[in-house]
Asks: 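One structure, pasted below without further comment.
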Amino acid sequence: MHKPVLLKEVVANIRIPAGGVLLDGTLGGGGHSEAIANNAGGKITIVGIDQDSIALKKVENLLGPIAGKLILQKGNFRNLDKVLKDNGIGEVDGIILDLGFSSDQIADSGRGFSFMKDEPLIMTLDDSPTEDVLTARDVVNLWQRENLELIFRNYGEEKRARKIVDAIISGRAKKKIETSGELAKIIEGAIGRRGKIHPATKVFQAIRIAVNDELGALTEVLPKALSVLKKGSRLAIISFHSLEDRIVKRFFREKANQGQVILINKKPIIADEEEIVLNPRARSAKLRIIEKI
Ligand SMILES: C[S@@+](CC[C@H](N)C(=O)[O-])C[C@H]1O[C@@H](n2cnc3c(N)ncnc32)[C@H](O)[C@@H]1O
């Protein structure tokens with residue numbers, strides 16, 4: 001079961017009045033929405049979006065009884081304005097975006113997010129991608145050397161990108177790379193193992209970001225999120241790596257300088273040691289919050 005990160009910090013900052021609307025763009029296991037709804041002044045409407053319909057199905061029983069109204073939508077949060085419009089909602093009283101993937105998706109999606117498992121290389125957050133959608137298998141087997149190196153460096157901040165790309169290129173020349181286990185083995189063979197962190201960690205992150213256009217979706221959603229937010233209401237975003245955090249930080253600063261929002265926290269809120277012990281995923285989480293004026 002996915003453990004929501006920085007839960008008390010999110011609940012303290014996203015307060016929805018009775019009858020108000022919470023927009024959760026990354027519903028996942030529903031943990032943040034559940035806690036925010038339980039802390040609200042009364043019944044609220046929850047609009048939950050996720051690209052993964054398995055997550056949406058699981059969450060229905062959890063949120064149904066506590067929400068005044070529950071609207072679940074499979075899709076990308078980059079289209080949140082359309083989701084609200086289609087449901088006749090103009091503005092919302094709070095937004096939470098908890099980026100990336102959930103531990104449920106690592107544990108049992110079967111889509112190859114983890115280098116610890118041997119699953120088909122898919123890595124789409126969408127659980128039922130259409131045939132024409134880019135998958136991790138396409139990236140690893142079809143992309144040119146330069147493009148692989150670029151994403152490993154830029155999205156994975158992987159310094160040994162060239163060595164890894166060499167190994168992938170010679171590996172795939174012998175046989176198509178089909179599974180997460182095969183890819184992890186090639187990476188480990190290229191750069192060996194040092195310390196506790198698995199050598200494939202950064203490359204897996206890079207491929208997942210590329211496959212899901214995660215930075216593009218984040219860049220696109222920020223102005224939309226701000227525009228659907230009511231004055232005096234808050235947008236909270238949890239990111240898990242510096243590329244995401246940089247995009248959020250810059251957007252928030254720019255809007256604060258333009259007098260459209262106030263920064264609730266100048267420095268990102270991070271998890272305390274107690275939470276990190278219980279939930280290692282929280283180690284890299286950074287929470288930034290703005291309030292619309
Ligand atoms: C970290 S989990 C969210 C966990 C959730 N806050 C909870 O408390 O259980 C991220 C979820 O957001 C979804 N997701 C990530 N990027 C998305 C996007 N651009 N559009 C829609 N869903 C997205 C993933 O499929 C995943 O289920």
Asks: Hey, is the main chain of Ser233 close enough, under 3.5 Å, to the side chain of Asp93 for a donor-acceptor pair?
Replies: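 Judged by distance alone, no pair lies under 3.5 Å.
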Asks: Decide, yes or no, whether a salt bridge links Asp52 with Arg111 under the criterion of side-chain N to carboxylate O below 4.0 Å.
Replies: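 So Asp52 pairs with Arg111 through a salt bridge.
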Asks: Shared ILVMFWY cluster between Ile16 and Val10, side chains joined below 4.5 angstrom?
Replies: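 Ile16 clusters together with Val10.
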Asks: Let me check something: do Leu22 and Ile71 share a hydrophobic cluster, defined by ILVMFWY side-chain heavy atoms less than 4.5 Å apart, either directly or through other members?
Replies: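 No; tracing contacts between hydrophobic side chains, which count when under 4.5 Å, never links both residues.
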Asks: Donor-acceptor pair, distance only, cut-off 3.5 Å: does the side chain of Asn279 make one with the backbone of Lys3?
Replies: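 Here the side-chain-to-backbone pair exists.
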Asks: Do Leu72 and Val21 share a hydrophobic cluster, counting only Ile, Leu, Val, Met, Phe, Trp and Tyr and linking them when any side-chain heavy atoms are less than 4.5 Å apart?
Replies: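 Leu72 does not cluster with Val21.
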Asks: Is there a path of hydrophobic side-chain contacts, each under 4.5 Å between heavy atoms of I, L, V, M, F, W or Y residues, that connects Leu27 with Ile66?
Replies: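 In one cluster with Leu27: Ile66, yes.
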Asks: With Lys174, which residues qualify under side chain to side chain contact (heavy atoms under 4.5 Å, CB included), at least two apart?
Replies: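 Testing Lys174 for side chain to side chain contact (heavy atoms under 4.5 Å, CB included), a comparison that skips the adjacent residues, returns none.
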Asks: Just by modelled atom types, is the Arg78 backbone N or O under 3.5 Å from a matching donor or acceptor in the Asn76 side chain?
Replies: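 A pair under 3.5 Å: yes.
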Asks: With sequence neighbours left out, what residues match Phe113 under ring-ring contact (aromatic ring centres under 6.0 Å, His included)?
Replies: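 So Phe113 forms a ring-ring contact (aromatic ring centres under 6.0 Å, His included) with Phe101.
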Asks: Can you list the residues that meet the side chain to side chain donor-acceptor pair (under 3.5 Å) rule with Glu157, with sequence neighbours excluded?
Replies: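 Scan of Glu157 (side chain to side chain donor-acceptor pair (under 3.5 Å), adjacent residues dropped) gives Ser242.
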Asks: Would you call Asp166 and Arg145 a salt bridge, using N to O less than 4.0 angstrom?
Replies: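 A salt bridge is present here (some side-chain N lies under 4.0 Å from a carboxylate O).
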Asks: Run the side-chain contact (heavy atoms from CB on, under 4.5 Å) check on Thr124 and Asn212 step by step: do they pass?
Replies: CA-CA 6 Å; Thr124 57; Asn212 296 288; 4.2 Å; yes
Asks: Does the side chain of Pro4 come within less than 4.5 Å of Glu34's, by heavy atoms?
Replies: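 No, every pair of side-chain atoms sits at 4.5 Å or beyond.
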Asks: What's the spacing between Leu229 CG and Gln260 CD if we round to 0.5 Å?
Replies: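 Spacing of CG (Leu229) from CD (Gln260) equals 11.5 Å.
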Asks: List the atom pairs, with distances to 0.1 Å, where a side-chain N or O of residues 187-194 and a protein N or O form a donor-acceptor pair under 3.5 Å, not counting sequence neighbours.
Replies:
| unit_1 | atom_1 | unit_2 | atom_2 | d |
| --- | --- | --- | --- | --- |
| Glu188 | OE2 | Arg193 | NE | 2.8 |
| Arg193 | NH2 | His198 | NE2 | 3.4 |

Asks: Which pairs with one or both residues in residues 140-159 pass ring pair (Phe, Tyr, Trp, His ring centres under 6.0 Å), sequence neighbours excluded?
Replies: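 Sorted result for residues 140-159: empty, none.
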Asks: Can Gln73 and Asn79 be said to form a side-chain contact (heavy atoms from CB on, under 4.5 Å), step by step?
Replies: CA-CA 11 Å; Gln73 178 68 49; Asn79 304 317; over 6 Å; no
Asks: Without swapping roles, check the side chain of Glu275 against the backbone of Leu6 for a donor-acceptor pair under 3.5 Å.
Replies: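 Indeed, once roles are kept as given, a pair shorter than 3.5 Å links the two residues.
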Asks: I'd like to know whether NZ of Lys185 has more than 12 heavy-atom contacts from other residues, nucleotides or ligands below 6.0 angstrom.
Replies: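 At most 12 heavy atoms, drawn from other residues, nucleotides or ligands, come within 6.0 Å of this atom.
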Asks: Applying side chain to side chain donor-acceptor pair (under 3.5 Å) to Asp132 and Thr130, what does each step give before you reach the verdict?
Replies: CA-CA 6 Å; Asp132 55 331; Thr130 49; 2.6 Å; yes
Asks: If you count every heavy atom of other residues, nucleotides or ligands that lies below 6.0 Å from Lys159 atom NZ, does the total exceed 12?
Replies: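 Count not over threshold, so no.
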Asks: With heavy-atom distances below 4.5 Å as the criterion, would you say the side chains of Val228 and Ile95 are in contact?
Replies: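 Yes, at least one pair of side-chain atoms sits under 4.5 Å.
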Asks: What I'd like to find out is whether the side chain of Val140 reaches to under 4.5 Å of the side chain of Arg172, using heavy atoms alone.
Replies: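 Val140 vs Arg172: side chains apart.
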Asks: Salt bridge check: are Lys202 and Glu158 linked by an N-O gap of less than 4.0 Å?
Replies: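 So Lys202 does not pair with Glu158 through a salt bridge.
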Asks: For Asp108, does its backbone N or O pair with a side-chain atom of Lys117 as donor and acceptor, under 3.5 Å?
Replies: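 Answer holds: no.
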Asks: Count the heavy atoms belonging to other residues, nucleotides or ligands that lie under 6.0 Å from CD of Gln258, then report whether that count exceeds 12.
Replies: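 Yes - once you tally the heavy atoms of other residues, nucleotides and ligands closer than 6.0 Å, there are more than 12.
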Asks: Mark yes when over 12 heavy atoms from residues, nucleotides or ligands other than Ile270 sit less than 6.0 Å from its CD1; otherwise mark no.
Replies: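 No.
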Asks: Determine whether Leu23 and Ile49 make a side-chain contact, defined as any pair of heavy atoms from C-beta on separated by less than 4.5 Å.
Replies: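 They are in contact (side-chain heavy atoms under 4.5 Å apart), so the answer is yes.
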Asks: Given side chain to side chain donor-acceptor pair (under 3.5 Å), test Asp98 with Thr26 step by step and report yes or no.
Replies: CA-CA 6 Å; Asp98 174 20; Thr26 51; 5.1 Å; no
Asks: Tell me, yes or no, whether the heavy-atom count around Leu278 atom CG, taken from other residues, nucleotides or ligands under 6.0 Å, exceeds 12.
Replies: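 Yes - once you tally the heavy atoms of other residues, nucleotides and ligands closer than 6.0 Å, there are more than 12.
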Asks: So does Glu182 pair up with Lys175, basic N to acidic O under 4.0 Å?
Replies: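 Salt bridge between Glu182 and Lys175, a charged N being under 4.0 Å from a carboxylate O: yes.
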Asks: Please examine the side chains of Asp272 and Lys8, heavy atoms only from C-beta on, and report whether any two atoms are closer than 4.5 Å.
Replies: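 A side-chain contact under 4.5 Å exists here.
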Asks: Within a strict 4.5 Å, meaning less than it, do heavy atoms of the Ser180 and Phe204 side chains meet?
Replies: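 Ser180 vs Phe204: side chains touch.
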Asks: Do side-chain atoms of Glu119 reach the backbone of Gly112 as a donor and acceptor pair under 3.5 angstrom?
Replies: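 Confirmed, Glu119 side chain pairs with Gly112 backbone.
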Asks: Apply side-chain contact (heavy atoms from CB on, under 4.5 Å) to residues Lys255 and Leu235 and explain how you reach the verdict.
Replies: CA-CA 12 Å; Lys255 294 298 156 189; Leu235 163 63; over 6 Å; no
Asks: Looking at side-chain heavy atoms only, is the closest gap between Glu91 and Lys231 below 4.5 Å?
Replies: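 Glu91 vs Lys231: side chains apart.
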Asks: When you look at His32 and Leu7, which way does the side-chain contact (heavy atoms from CB on, under 4.5 Å) test go after all the steps?
Replies: CA-CA 6 Å; His32 284 116; Leu7 187 61; 3.6 Å; yes
Asks: Report the residues that fulfil salt bridge (charged side-chain N to carboxylate O under 4.0 Å, His left out) with Lys196, sequence neighbours left out, ordered by chain and then residue number.
Replies: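 With sequence neighbours excluded, Lys196 shows a salt bridge (charged side-chain N to carboxylate O under 4.0 Å, His left out) to no residue whatsoever.
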Asks: For residues Val211 and Ile186: do they belong to one hydrophobic cluster (side chain heavy atoms under 4.5 Å, members Ile, Leu, Val, Met, Phe, Trp, Tyr)?
Replies: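 Hydrophobic grouping puts Val211 with Ile186.
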Asks: Any heavy-atom pair between the side chains of Ile36 and Asp24 that's under 4.5 Å?
Replies: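 Heavy-atom side-chain distance check fails, nothing below 4.5 Å.
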